[in-house]
Every structure is written in C-alpha cells, then in structure tokens.
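All remarks here apply to the structure that follows.
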Number of protein chains: 2
Amino acid sequence: MARPRSFDPDDVLEIARQVFWQKGFQATSLDEITAASGIAKPSLYAAFGDKHALFLRVLDRYHDGILGWAERTLAQPGPAREAIRQWLTGFIPYCSGEKGQRGCLSINSATDGSLDQAALRKSIERYNRRLEELLRTRLRADRAQFKKGFDPDITAHTVMVVHAGLMALAHQTPDSKQVKAVIEQVMGLLA
Amino acid sequence: MARPRSFDPDDVLEIARQVFWQKGFQATSLDEITAASGIAKPSLYAAFGDKHALFLRVLDRYHDGILGWAERTLAQPGPAREAIRQWLTGFIPYCSGEKGQRGCLSINSATDGSLDQAALRKSIERYNRRLEELLRTRLRADRAQFKKGFDPDITAHTVMVVHAGLMALAHQTPDSKQVKAVIEQVMGLLA
DNA sequence: TTGATTCTGTACCTATAAGTACAGAATAAA
DNA sequence: TTTATTCTGTACTTATAGGTACAGAATCAA
C-alpha cells in the first residue's frame with residue numbers, strides 16, 4: 001500500500017557499527033554513514049531516529065551478539081575453567097585488530113565521557129551485568145571443582161576486570177602472545 | 001620589554017585537565033575551557049597552540065603526575081607485594097569518582113577512536129611502557145620473594161591489565177569494596 | 001615619557017555536521 | 001489506471017565550534 005523500504009535495516013546497522021567502532025560516536029558523522037551505506041539521511045532518520053538512537057540500536061545489537069556467544073561458550077560441558085578460558089580467549093581477535101577494529105565497542109563507549117545519555121549508560125550497564133551473571137552462574141554451579149575458600153562471585157568480577165583491561169589495552173599492543181600469557185596466568189586464580 | 005602573561009600556564013592546564021577529563025576530548029569545546037579558566041581563546045592559542053596541542057600538554061602533565069607517584073610508591077622498602085598492593089589501591093579514588101572524574105584520563109583517551117593523532121598515541125604508549133617497566137623492575141628485583149616459576153615480566157603485564165580493567169569499569173560501578181576484593185584476589189598471583 | 005613588544009578581549013570568519021522541507025518515485029489497493 | 005501512502009534524494013537551514021584579525025592595554029628598556 002506504499003513504497004517499500006529499499007534497504008535491510010540490519011545491513012545498515014552492521015555498516016554503522018563498523019564506522020562507529022572505528023571512529024567512535026562523536027567523531028563519526030552521519031555523512032560518513034550515508035557514504036558507507038549508500039542510504040540517504042532522511043531514510044536513516046525515518047528508520048532509526050537521530051544519531052543517538054541509531055547508535056543505541058547499534059550498541060544493543062553488538063551487545064546481543066556477544067551475549068549470545070558468551071551464553072553458548074559458558075554453557076559448554078566440561079570443567080568451568082575451560083569454558084572461561086575459551087570465553088576470554090574468544091576476545092583475542094578484538095584485541096589484535098583482526099576484526100578491523102581495536103578493542104570493544106562497549107568499553108570504548110563506556111569510557112567516552114561525551115556519552116552521558118542515560119539510555120546508553122543503561123545499555124552498557126545491563127550488558128556488563130549480564131556477562132558477569134553468566135560467569136557467576138557458571139562458577140557457582142561448578143563450585144565443587146575448586147578448592148575450599150573459592151569465591152565464585154568475586155572471581156566472576158575479577159574475570160570481568162581482566163576482560164575489560166584486555167579490551168582497553170587492545171588499542172596499543174596487539175601482541176596476542178602476551179595476551180595469551182596473561183589469560184593463562186589469570187587462570188591460576190581458578191583453582 | 002613587553003606585556004607579561006596574566007595567567008599561570010600550569011593553572012590553565014589544571015583547569016583544562018578537569019574539563020577534558022570530565023567530558024572527553026571531542027566533546028569539550030574550547031569555549032568551555034575559556035569559560036572555566038577565564039582565559040580568552042587567543043591567549044590559549046598563543047600559549048599552547050591548537051586544541052590537540054593543548055590536550056597533549058594536559059595529557060603529558062597527567063602522565064607525569066602519575067608516573068612520579070608510581071615511582072615513589074613502587075620504590076618503597078618492604079615486600080614487593082605490599083608496594084604493588086598500594087600502587088593498585090592508590091587508583092581507587094579514580095574508580096569511585098572521589099576525584100570528581102571517573103576512570104583514567106589516559107585510558108579514556110586511549111579508547112577514544114577519534115584520537116588518531118600520532119603524538120597522542122605515542123604519549124599514551126610511552127606512559128604505559130613506563131608504568132609497566134616500573135612494575136617489572138620491582139618484581140624482578142624482588143624475585144627471590146616469590147616461589148619458583150614466578151615470572152615477573154608476565155606478572156607486570158597482568159597487573160597492568162587489571163589496572164586498565166579497573167579504570168575502564170570505573171565508569172559504571174563505584175563500589176570500592178568490590179574493587180578492593182578484586183585487588184586482594186589478584187594479589188594471589190604474587191606468591 | 002616614549003616606544004617597542006607582547007599580551008588580552010571582542011568580534012568575526014569558516015567549516016562542518018545534525019537535522020529537515022519538499023518534490024518526485026515506487027508500491028499496493030481499489 | 002488511478003490514488004493513497006510511504007520511501008528516497010537533493011538541497012537547504014541552522015547551530016556550533018575551531019581558529020583568527022585587529023585594536024587596544026600592559027609592561028620594560030631607553
């Protein structure tokens with residue numbers, strides 16, 4: 001009953017993600033997104049709203065992707081240690097720039113002082129809360145595998161800290177051998 | 001032989017640091033700095049150069065301040081464990097917002113994709129290299145205090161990762177009790 | 001006091017980027 | 001085929017922010 005949309009919103013979000021990831025929210029202009037996607041501004045505004053709303057969509061999509069993968073990885077059978085090692089190791093591509101970007105879009109956004117938008121903060125907090133929850137749940141379930149005095153809650157948070165640190169430092173040293181060594185050493189806390 | 005400067009450049013850098021720290025480089029306008037400092041733009045440009053140069057001065061100053069403190073803290077007598085615990089603990093005010101800002105200006109800048117300026121990247125890399133060097137040197141010197149197989153180089157890097165992670169997560173959860181618990185758990189790697 | 005010199009403040013220029021008005025194109029229903 | 005409806009692209013408006021021209025003020029040396 002009307003002219004149909006000429007693009008797949010998901011494709012545009014994917015392209016917008018790449019641009020935002022590479023340059024950050026502030027430094028990315030809508031013109032760059034229109035250039036990269038081929039979609040004119042009025043179409044973007046009609047489909048997603050303003051720049052903040054578009055970024056929020058991109059970020060939520062990013063979060064969902066990682067959460068899905070984290071859920072699968074941390075649900076695998078076998079020792080909890082192995083699951084968590086794989087989880088941490090899975091982020092190495094984000095560190096080394098193999099994905100074309102450096103670091104984590106979420107962490108990059110969290111440390112961006114300009115993003116005081118409540119909705120964005122909320123999305124990031126929710127994401128971190130969920131990731132930590134996945135880690136905590138798994139560590140609690142397999143508590144018997146660790147020695148007496150092991151604290152699954154604190155350990156889950158520590159793993160989150162290490163993860164954030166790797167992502168933050170990813171912007172400088174893409175030495176994946178060093179990253180692996182750190183992960184191995186941190187695994188020493190899961191005993 | 002000419003009109004003297006009416007302000008102390010160091011004071012201005014201090015004020016600029018606060019503004020940049022709070023809002024980030026991109027989101028901070030020079031007008032905000034002139035408003036906060038009372039110094040008009042032409043004076044800023046004459047004294048520091050353009051916005052990037054000003055930010056670089058601010059960042060270098062910030063780095064020097066922390067490096068000086070780190071040097072003193074890590075040079076203290078006693079067990080290396082204690083020195084490093086104090087070093088990590090010293091960053092808690094940066095985590096909890098007690099300083100009015102959240103997180104670390106350097107990390108915030110490192111994760112800001114818009115800062116592709118080579119000079120800035122260099123300053124940040126140098127800073128991280130020096131911090132890690134201080135940790136490494138101390139751990140190597142006190143190697144005898146740890147058990148066989150202890151690797152001071154990897155441990156130094158791991159401590160850097162934890163530090164970066166705490167600073168990155170500082171933007172969300174200002175629970176200093178949790179931060180302390182993480183530090184205590186990580187100290188378990190220094191044995 | 002005078003003059004050379006450098007700083008300060010106002011007011012401006014210019015570029016960029018977010019957001020939109022509007023005319024025309026594409027579709028589905030009638 | 002006609003028409004209602006929604007999308008698309010061009011071109012525009014507007015605000016903001018980086019940077020500067022210029023006139024006048026403040027200092028020190030002579």
Side-chain angles (χ1 to χ4, degrees), chain A residues 1-59 108-109 112-120, chain B residues 1-59 108-109 112-120:
Chain A
M1 182 188 181
R3 178 174 180 173
R5 193 168 271 157
S6 68
F7 59 91
D8 180 349
D10 238 41
D11 293 344
V12 176
L13 289 176
E14 176 62 29
I15 291 174
R17 183 177 71 173
Q18 291 173 10
V19 184
F20 277 131
W21 201 343
Q22 211 160 36
K23 312 198 54 172
F25 174 76
Q26 284 276 342
T28 298
S29 73
L30 284 187
D31 288 331
E32 288 175 275
I33 293 181
T34 62
S37 66
I39 310 301
K41 270 193 282 187
S43 298
L44 288 179
Y45 276 87
F48 306 107
D50 67 5
K51 195 185 172 189
H52 273 99
L54 171 61
F55 186 69
L56 185 58
R57 288 283 297 273
V58 166
L59 193 61
N108 294 356
S109 305
D112 185 342
S114 69
L115 294 181
D116 272 334
Q117 284 247 138
L120 288 174
Chain B
M1 182 186 182
R3 178 173 181 174
R5 193 169 271 157
S6 68
F7 60 90
D8 181 349
D10 238 42
D11 292 345
V12 175
L13 288 177
E14 175 62 28
I15 291 173
R17 182 177 71 172
Q18 291 173 10
V19 183
F20 277 131
W21 200 342
Q22 210 160 37
K23 312 198 54 172
F25 173 76
Q26 284 276 342
T28 298
S29 72
L30 284 188
D31 288 330
E32 288 174 275
I33 293 181
T34 62
S37 65
I39 310 302
K41 271 192 281 187
S43 298
L44 287 179
Y45 276 86
F48 306 107
D50 67 5
K51 194 185 173 189
H52 274 99
L54 171 61
F55 186 69
L56 185 57
R57 288 284 297 273
V58 166
L59 193 60
N108 295 356
S109 305
D112 185 342
S114 68
L115 294 180
D116 273 333
Q117 284 247 139
L120 287 173

Among [options], which is the nearest nucleotide to the side chain of [X]?
X: A:D50; options: C:dG19, D:dA17, D:dT20; answer: C:dG19
X: B:L30; options: D:dT8, D:dA25, D:dG18; answer: D:dG18
X: A:R5; options: C:dT20, D:dC7, D:dT10; answer: D:dC7
X: A:P42; options: C:dA18, D:dT20, C:dT20; answer: C:dT20
X: A:A40; options: C:dT8, C:dA18, D:dG9; answer: D:dG9
X: B:A2; options: C:dA18, D:dT8, C:dT5; answer: C:dT5
X: B:Y45; options: D:dA17, D:dG19, C:dA18; answer: D:dG19

* To do: Mark yes or no for a side-chain to base donor-acceptor pair under 3.5 Å between B:K51 and D:dG18, with no hydrogen or angle criteria applied.
  => no
* Structure fact -> Of B:Q26 and B:R3, the one whose nearest nucleotide on DNA chain D sits closer to the 5' end is B:Q26
* For the residue pair B:I15 and B:S37, what are the closest heavy atoms and their distance? -> CD1-CA, 3.9 Å
* Is there side-chain contact between A:F20 and A:L59, with heavy atoms separated by less than 4.5 Å? -> no
* Does B:K23 reach the main-chain N or O of B:Q18 with its side chain, forming a donor-acceptor pair under 3.5 Å? -> no
* So what does A:P4 touch, heavy atoms closer than 4.0 Å: a base, only the sugar-phosphate, or nothing? -> sugar-phosphate
* To do: Looking at every strand, decide which applies to A:T28 at a 4.0 Å heavy-atom threshold: base, sugar-phosphate, or nothing.
  => sugar-phosphate
